[in-house]
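Values below: every heavy atom of this structure, side chains too, minus hydrogens, waters and symmetry copies. Every chain is numbered from 1, with letters handed out A, B, ... down the list of sequences. It should be emphasised that the depicted structure is a prediction, and the values quoted were computed from it without experimental measurement.
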Amino acid sequence: MLKPIRSSVLINSIMSHAFSKIDTNLLKTITDTKNLKLGKGFHCQMIISSQFDLILTNYLINLYAKCGDLNFARKVFNEMPERNVVSVSSLMAGYFHNGLPSEVFSVFRLMGFGRLLVRPNEYIFTTVLASCADIQALIEGRQCHAYVLKYGLLFHTYVRNALLHMYSRCSQVEDALVVFKTVLDFDIFSANSIINVFLEHECITEAKNVVRSMVAKIGLWDHITYVSVLSLAAASRDLILGCQAHGQITKRCLEVNDFVRNATVDMYGKCGDVLSSQHAFLGARVRNVVLWTTVMAACTQNGFLEDALKLFLEMVTDGIQPNELTYAVILYSCAGLSVLRNGEAIYALVEKSGHKAHLPVGNALINMYSRCGTIEDAHRVFTTMLQKDIISWNSIISGYSHHGLGREVLEAFRTMLMGGVAPSYATFVGVLSACGHLGLVKEGFYYLNHLMRDFGVVPGIEHHTCLVGILSRAGLLDEAEKYMRYTHVEWDIVAWRTLLSGCRVHRNFRLGKKVAHHILQLDPHDVGTYILLSNIYARESQWDGVLDVRKLMRGRCVKKEPGVSWLQVRNEIHVFTSEDKQHPLINQICEKLEDLITRIKLIGYLPDSSSVLHDVEDEQKQEYLIYHSEKLAISFGLISLPSGAPIHVMKNLRVCADCHTAIKLISNVTGRKIIVRDANRFHCFNHGACSCNDYW
DNA sequence: CTAGGGTTAG
């Protein structure tokens with residue numbers, strides 16, 4: 001029933017016009033401005049004056065539909081003595097715009113059974129096809145395509161564009177192209193649609209060709225074209241194209257549109273220009289959730305992780321409610337920084353907000369826990385997820401792999417295959433690293449040469465590097481070198497360093513020196529390689545070699561990147577470097593560390609000075625080793641964290657051999673679990689052993 | 001009297 005209209009003025013005005021003819025222009029204006037209250041007044045006027053002709057009633061359906069009151073629209077529709085195609089399409093459009101595509105279908109089915117006695121026209125198919133696109137109902141979409149052909153409606157631009165869009169949303173590039181090719185002189189709608197089809201399927205060249213062909217008609221471009229072109233620039237990391245689009249946008253004052261601004265902020269972020277991204281963000285008059293999330297993502301993608309956290313706080317302070325993607329983005333920032341406490345605080349917000357069931361959030365939680373070193377929690381999140389997608393599987397597999405849990409990786413991989421989930425590029429990176437951890441050489445080759453092909457995944461440099469790692473780890477260093485020599489891959493520094501690490505662990509210094517010099521030819525500033533090379537000479541007691549490395553570094557102005565370790569205690573991040581003694585508790589920390597060193601010396605610790613690069617006397621070398629940043633950080637953790645709590649430490653470089661031995665023994669004498677995330681992987685020290693099995 | 005295309009995570 002009608003709700004009472006409170007405004008007496010309104011009632012008076014309507015009653016005074018009650019018996020006059022309905023002003024359809026006014027009714028249209030009311031519809032356009034979505035003024036439901038005034039609209040109901042008109043409905044009253046129609047009832048009172050018994051004006052119920054077909055066209056007027058259609059106006060009424062449209063009015064209720066546009067105002068989102070579908071129950072009323074349906075009621076009016078149901079009670080009509082006769083209906084025409086406009087009545088049906090108005091109602092359908094109402095359902096469509098209010099996110100009820102299934103209702104659109106049910107009305108369409110009513111037409112199909114003939115009960116409505118109305119022949120569908122181009123308006124009907126445009127709306128039904130849009131609904132198919134909405135819920136990716138490909139089968140229904142194809143049926144509509146058949147009807148369209150049967151009724152000869154394909155040459156209506158609207159219908160063609162709706163078909164194009166439907167196929168694009170249903171990921172049917174071929175069908176979309178077939179439709180697109182029937183378009184002789186495409187309008188801006190079909191152009192926008194086809195650009196997005198290409199974009200969605202990473203056909204960057206084709207998309208750019210369409211854009212190029214549209215340059216002559218730039219006057220036709222609307223704000224959606226710019227959104228598409230900006231997305232294209234973002235996807236292809238094409239800052240020049242992005243700037244050109246942004247220039248046009250500014251000139252044509254289209255930046256006021258939220259979507260355009262979001263796409264601009266995103267484009268600059270994806271192209272690596274964080275400053276311009278932030279600038280475009282700051283220029284917004286009003287900032288919605290998506291805009292905040294986009295700029296936070298731009299920071300996260302470019303490593304400005306603290307900025308992302310700051311923006312999140314600002315956003316919440318501004319009273320903007322985060323959505324599921326905001327949580328995903330901020331969790332990825334926490335993961336990158338390894339700040340477990342912040343990650344858990346966000347988790348609490350996620351639980352409270354009810355966004356936990358969203359896939360991106362669950363996936364981001366798995367990643368956050370695994371990158372913060374608590375793989376058990378990552379596993380818990382993973383197993384309690386209601387649905388999982390390929391990213392969920394890849395996240396847990398990659399997490400296990402970074403923690404050196406080879407068996408768990410293969411177990412998850414088997415479960416995934418049995419569940420009918422197709423593995424992707426990233427899956428195989430995790431699986432092949434697991435083969436390395438487990439020493440499964442034959443299996444590694446089988447996965448690369450057969451299984452990957454079976455699943456249509458083309459092996460990339462990461463996979464080949466994993467094979468180098470598998471061979472190296474198994475001690476098959478010459479085979480690893482041959483593999484690199486004879487496999488047609490453009491090897492990068494990471495791959496060569498994998499082989500070099502193998503040479504270090506298996507003490508193959510002849511090959512090690514050769515590989516190190518090769519790396520230094522590729523990149524004369526790769527500090528890690530100088531350290532390893534110096535290490536190799538030191539272990540062979542070739543002190544001339546050590547001196548040569550130092551001379552080489554000095555000559556090339558290569559400075560050892562200072563080792564930095566940090567850990568989170570309560571709400572603070574405490575940062576340690578070996579040289580500086582800035583920490584307020586430094587005296588207690590050093591005291592604790594000296595005590596630890598004394599205790600581990602009793603169970604066999606011998607400082608290993610081959611890791612020291614400085615020109616220092618022997619007794620000073622030990623000093624430098626003792627005060628390596630990770631040792632300081634762990635000592636601090638031991639005096640400031642509750643007894644029994646695991647100690648999580650992050651480090652910018654790889655753990656050195658001396659610290660690795662020392663930390664194993666420290667975990668023994670203190671009975672603590674110590675988790676170190678270095679530049680490469682996690683080391684979980686427990687009861688005197690490390691999860692990496694001393695290979696890293 | 002009725003209809004179409006677009007933004008944020010891995």
Side-chain angles (χ1 to χ4, degrees), chain A residues 24 27-28 31 53-63 65-66 84-94 96-97 104 121-131 133 153 156-166 168-169 186-197 199 222-231 234 257-267 269-270 288-298 300-301 322-333 335 358-364 366-368 389-395 398 424 426:
Chain A
T24 49
L27 192 48
K28 199 171 160 48
T31 303
D53 69 72
L54 179 62
I55 291 177
L56 215 46
T57 314
N58 285 346
Y59 266 114
L60 207 53
I61 294 174
N62 192 33
L63 167 88
K66 286 270 162 68
N84 68 3
V85 69
V86 179
S87 332
V88 181
S89 67
S90 301
L91 182 66
M92 277 184 168
F96 170 66
H97 284 295
V104 176
N121 67 359
E122 66 274 21
Y123 286 81
I124 300 287
F125 285 112
T126 306
T127 309
V128 178
L129 282 166
S131 306
L153 295 170
H156 283 101
T157 317
Y158 275 83
V159 176
R160 235 167 26 214
N161 290 344
L163 260 173
L164 184 55
H165 182 232
M166 183 275 293
S168 124
R169 284 296 306 272
F186 54 81
D187 68 357
I188 200 66
F189 280 84
S190 48
N192 293 343
S193 286
I194 202 70
I195 291 174
N196 288 313
V197 177
L199 247 180
D222 62 6
H223 60 282
I224 291 171
T225 320
Y226 285 106
V227 172
S228 307
V229 174
L230 287 168
S231 307
N257 179 285
D258 284 353
F259 285 85
V260 174
R261 192 179 289 274
N262 287 332
T264 309
V265 173
D266 181 52
M267 179 277 293
K270 294 264 164 59
N288 62 23
V289 212
V290 181
L291 190 62
W292 279 100
T293 309
T294 309
V295 74
M296 279 162 48
T300 306
Q301 285 153 355
N323 70 15
E324 70 276 15
L325 285 188
T326 322
Y327 287 121
V329 170
I330 205 66
L331 283 166
Y332 281 109
S333 304
H358 284 104
L359 266 172
V361 178
N363 294 344
I366 297 174
N367 185 55
M368 184 275 288
D389 64 1
I390 179 67
I391 306 296
S392 325
W393 287 99
N394 288 351
S395 304
S398 144
S424 72

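Nearest to the side chain of Pro360(A), among dA3(B), dA9(B), dG10(B), sits dA9(B). Which of dT8(B), dG5(B), dG4(B) sits closest to the side chain of Thr126(A) comes down to dG4(B). When each of dG6(B), dG5(B), dA9(B) is scored by its nearest atom to the side-chain atoms of Phe96(A), the top-ranked nucleotide is dG5(B). Proximity note for Asn62(A) (side chain, C-beta onward) versus dG10(B), dC1(B), dG4(B): the nearest is dC1(B). Set against dT2(B), dA3(B), dG5(B), the side chain of Lys28(A) has dT2(B) as its closest nucleotide. The side chain of Ile188(A) sits closest to dG5(B) out of dT8(B), dT2(B), dG5(B). Taking only side-chain atoms of Ala130(A), from C-beta outward, the nucleotide of dC1(B), dG4(B), dG10(B) with the closest atom is dG4(B). The Leu325(A) side chain lies nearest to dT8(B) when the options are dG6(B), dT8(B), dA3(B). When the nucleotides dT2(B), dA3(B), dA9(B) are ranked by their closest atom to the side chain of Tyr158(A), dA3(B) comes out on top. Looking at the side chain of Asn121(A), the nearest of the listed nucleotides dG4(B), dG6(B), dT2(B) is dT2(B).
Note on Ala263(A): nothing from the nucleic acid sits closer than 4.0 angstrom, heavy atoms only. Here Ser228(A) lies out of heavy-atom contact (under 4.0 Å) with every strand. Among the protein residues, Thr294(A) comes within range of the sugar-phosphate backbone only, with heavy atoms under 4.0 Å from sugar or phosphate atoms but none that close to a base. If you check every strand for non-hydrogen atoms under 4.0 Å, Ala162(A) touches nothing. In this structure, Tyr332(A) reaches the sugar-phosphate backbone alone: every heavy-atom distance under 4.0 Å involves primed, P, OP1 or OP2 atoms, never a base. Here Asp266(A) lies in heavy-atom contact (under 4.0 Å) with sugar-phosphate atoms only. Nucleic acid contact class of Asp389(A) (heavy atoms, under 4.0 Å, all strands): base. Counting non-hydrogen atoms under 4.0 angstrom, Val290(A) reaches a base of the nucleic acid. Asn288(A) comes within 4.0 angstrom of no nucleic acid atom, judged by non-hydrogen atoms across all strands. Using a 4.0 Å heavy-atom distance criterion, His97(A) is classed as a sugar-phosphate-only contact. No engagement by Ser87(A) is indicated, since no non-hydrogen atom pair under 4.0 Å with the nucleic acid exists. Looking at heavy-atom distances under 4.0 Å, Tyr226(A) makes no contact with the nucleic acid at all. Contacts of His156(A) with the nucleic acid, taken as non-hydrogen atoms under 4.0 Å apart, are absent.
When rounded to the nearest whole Å, the span between CE of Met368(A) and P of dA9(B) equals 19 Å. We find that CG of Leu230(A) is positioned 11 Å from P of dT8(B), with the value rounded to whole Å. As a whole-Å value, the separation of Ile224(A) CD1 from dG5(B) C1' is 5 Å. For the pair Leu63(A) CG and dT2(B) P, the computed distance is 12 Å after rounding to whole Å.
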Apply side chain to side chain donor-acceptor pair (under 3.5 Å) to the pair Asp389(A) and Asn363(A), showing each step before the final yes or no.
CA-CA 9 Å; Asp389(A) 64 1; Asn363(A) 294 344; 3.2 Å; yes
Yes or no on side chain to side chain contact (heavy atoms under 4.5 Å, CB included) for Leu129(A) and His165(A), after CA distance, side-chain angles and deciding distance?
CA-CA 8 Å; Leu129(A) 282 166; His165(A) 182 232; over 6 Å; no
Can you list the steps and then say if Asn394(A) with Ser424(A) is a side chain to side chain donor-acceptor pair (under 3.5 Å)?
CA-CA 8 Å; Asn394(A) 288 351; Ser424(A) 72; 3.0 Å; yes
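If you check distances only, the side chain of Asn257(A) does reach the base of dG6(B) with a donor-acceptor pair under 3.5 Å. Counting distance only, with no hydrogens placed and no angle test, the side-chain atoms of Asp187(A) and the base atoms of dG4(B) include a donor-acceptor pair under 3.5 Å. Side-chain N/O atoms of Asp222(A) and base N/O atoms of dG5(B) include a donor-acceptor pair closer than 3.5 Å.
The main-chain N or O of Ile188(A) is found under 3.5 Å from a side-chain atom of Asn192(A) such that the two form a donor-acceptor pair.
Interatomic distance, Asn288(A) CG to Asp258(A) CG, rounded to the nearest 0.5 Å: 5.0 Å.
In this structure, His165(A) does not reach the dG4(B) phosphate: none of its side-chain N or O atoms is under 4.0 Å from OP1 or OP2. Taking side-chain N and O atoms only, Gln301(A) has a distance below 4.0 Å to OP1 or OP2 of dG10(B). Between His358(A) and dA9(B) there is no side-chain N or O to OP1 or OP2 distance below 4.0 Å. For Lys66(A) and dC1(B), the shortest distance from a side-chain N or O to OP1 or OP2 is not below 4.0 Å.
In this structure, the aromatic ring of Tyr59(A) is not positioned over the six-membered ring of the base of dC1(B) within 5.5 Å between centres and 30° between planes.
Looking at Ser87(A) and Thr57(A), their side chains never come closer than 4.5 Å, going by heavy atoms from C-beta outward. Residues His223(A) and Val227(A) form no side-chain contact, since every pair of their non-hydrogen atoms from C-beta on lies 4.5 Å or further apart.
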